[in-house]
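Both backbone and side-chain heavy atoms feed into the values below; hydrogens, waters and symmetry mates do not. Starting from 1, each residue takes its place in the sequence as its number.
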Amino acid sequence: MRKRIFRIIQIGQRGDLPSAAFDYFIVLNITLNLLAMFLETFAELERFSMVFTVIEIVTVTIFCIEYILRLWTADLLYPELSRGRAVLKFLRSYDGIVDLLTILPFFFLSGFIVFRMLRVVRIFHLFRLNAQYDSFHIIVKVLISKRNQILSSLFIIFVLTLASGVGIYNAEHEAQPEAYANAFSGIWWSVSTLLTVGYGDIYPVTVVGRVMAMFIAFLGVGAVAIPTGIISAGFVEQYSKNQNSDKSFPDIKKVGEIYANEENGLAGLSVNEIQQNFNMRIIVLLRGDLTVIPSGDTAVLANDILIIVSDQLVK
């Protein structure tokens, strides 16, 4: 029974109808909860406050039941750990923290405002559900593969923001001591300028400040374009890999071998990428005179021979 419940509440078990239905049910539950939270802020709908309260109680009760079931089956999620350690690991995991923060605000709404703000964390519950599906999975893969370039571009933006904020403060402080009271005011202005938002709440009036603002505005266009271009290139690269995964190997069923080369698109991919994109499991790599037991990150080289297992014809 515990194993069956574990399979049902696990996310992304597409071949299991009850598990897929449970995922959609949780999505509906979160949507209703957020909708009630949104509608109860309208004074015109105050007469429906009891309805919103009932929705809140029912949906949070479902969240609590799901959370208890995940604690109950934590040792099945982490079979290498004892039951107590598995529960502790789940509590410290991303899923466990999001689930807990989904429940806590309901019991602490009369307390500090921070607990009311935590209600928005429920949105991340949807991200957790969507993370197991292809659309969100591709986004995550692109961000992870391009993380070094993205972090470098964000560091450049940070340096430009800090330098321009301090610079505009020195240029405008004497002319507008109230608007540019300190360097943080300058950083606020530089963020809105570099990111091309331009709130207009504070702006330079001196000649030096306006000249600086023109340069910063031009730099802002390039600064925003750098991470955008990196992410766009990552999506194109991932799309090309997915296109290559459409190649067929009609002679393989159950156990077989494949010769990796540039033509079939296997050379240069990792074992994980091949197993995910080509629906196969790699048992052994034959590389020259070597027999390699691959891990997920092992790169497949040209002229490698892959000993694979596939339960169906590879698409």
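In this structure, F38 and F42 have perpendicular ring planes: the angle between them is above 60°, well past the 30° mark.
Under a hydrophobic-cluster definition in which Ile, Leu, Val, Met, Phe, Trp and Tyr are linked whenever side-chain heavy atoms come within less than 4.5 Å, directly or via other members, V58 and I65 are assigned to the same cluster. Side-chain heavy atoms closer than 4.5 Å link hydrophobic residues (I, L, V, M, F, W, Y) into clusters, and following such links, even through other members, never connects I156 to I150. Hydrophobic clustering places I9 together with M1 (ILVMFWY residues linked when any side-chain heavy atoms are closer than 4.5 Å, directly or through intermediates). Cluster annotation: I8 is connected to L77 through the hydrophobic network of ILVMFWY side chains, with a link wherever side-chain heavy atoms come within less than 4.5 Å. When hydrophobic clusters are built by joining Ile, Leu, Val, Met, Phe, Trp and Tyr residues whose side-chain heavy atoms come closer than 4.5 Å, directly or via intermediates, I30 is grouped together with L100.
Counting only distance, with no hydrogens or angles, the side chain of T206 and the backbone of G209 share a donor-acceptor pair below 3.5 Å. Panel note: side chain R85, backbone Y78; no donor-acceptor pair is recorded below 3.5 Å. Of the possible donor and acceptor atoms, none in the side chain of T193 sits under 3.5 Å from a partner among the backbone N and O of S190. In this structure, N182 contributes its side chain and S185 its backbone to a donor-acceptor pair below 3.5 Å.
Q176 has its side chain out of reach of I202: every pair of non-hydrogen atoms, C-beta onward, lies at least 4.5 Å apart. Residues L71 and L91 are in side-chain contact: their nearest non-hydrogen atoms beyond the backbone lie under 4.5 Å apart. Side-chain atoms of I282 and I307, non-hydrogen and from C-beta on, never get closer than 4.5 Å to each other.
Chaining together hydrophobic side chains whose heavy atoms lie under 4.5 Å apart places F215 alongside V207, V211, M214. Side-chain heavy-atom separations under 4.5 angstrom define the hydrophobic clusters, and the remaining members of the one that includes Y203 are V205.
Applying the salt bridge (charged side-chain N to carboxylate O under 4.0 Å, His left out) rule to pairs touching residues 142-166 yields K146-E237, sequence neighbours excluded.
Heavy atoms only, all atoms of each residue included: A213 and W189 are closest at CB-CZ2, 3.6 Å. When all heavy atoms of V300 and L285 are compared, the closest pair comes out as CG2-CD2, 4.3 Å. Nearest heavy atoms, Y67 versus G96: CE1-O, 3.8 Å. F90 and A74 get closest at one heavy-atom pair: CB-CB, 4.3 Å. The minimum heavy-atom distance between I187 and T161, with the atom names listed, is CG2-CG2, 3.9 Å. Taking both residues in full, the closest heavy atoms of R7 and S19 are given as O-OG, 3.2 Å, listed atom of the first, atom of the second, then distance.
Of the inter-residue distances, the one linking L35 atom CG with F52 atom CZ reads 7.5 Å to the nearest 0.5 angstrom. Here CD1 of I57 is found 11.5 Å from CG of N33. Values are rounded to the nearest 0.5 Å. In this structure, CD1 on I62 lies 3.5 Å from CZ on F25, to the nearest 0.5 angstrom. Interatomic distance, CG of L286 versus CG of L306, reported as 8.5 Å (0.5 Å rounding). The distance from atom CG of L266 to atom CG of L301, rounded to the nearest 0.5 Å, is 12.0 Å. Atom CZ of R47 and atom CD of E44 lie 9.0 Å apart (nearest 0.5 Å).
Counting non-hydrogen atoms of neighbouring residues, nucleotides and ligands closer than 6.0 angstrom, the CD atom of E80 exceeds 12 such neighbours.
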Sequence neighbours left out, cut at 3.5 Å: what donor-acceptor pairs do the side chains of residues 216-231 make with other protein atoms?
from: T228; atom 1: OG1; to: V224; atom 2: O; distance (Å): 2.9

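Shown here are the side chain to side chain contact (heavy atoms under 4.5 Å, CB included) partners of V159, two or more places apart in sequence or in another chain: F155. Annotation: side chain to side chain contact (heavy atoms under 4.5 Å, CB included) contacts of W72 (sequence neighbours excluded): R2, I5, L69, R83.
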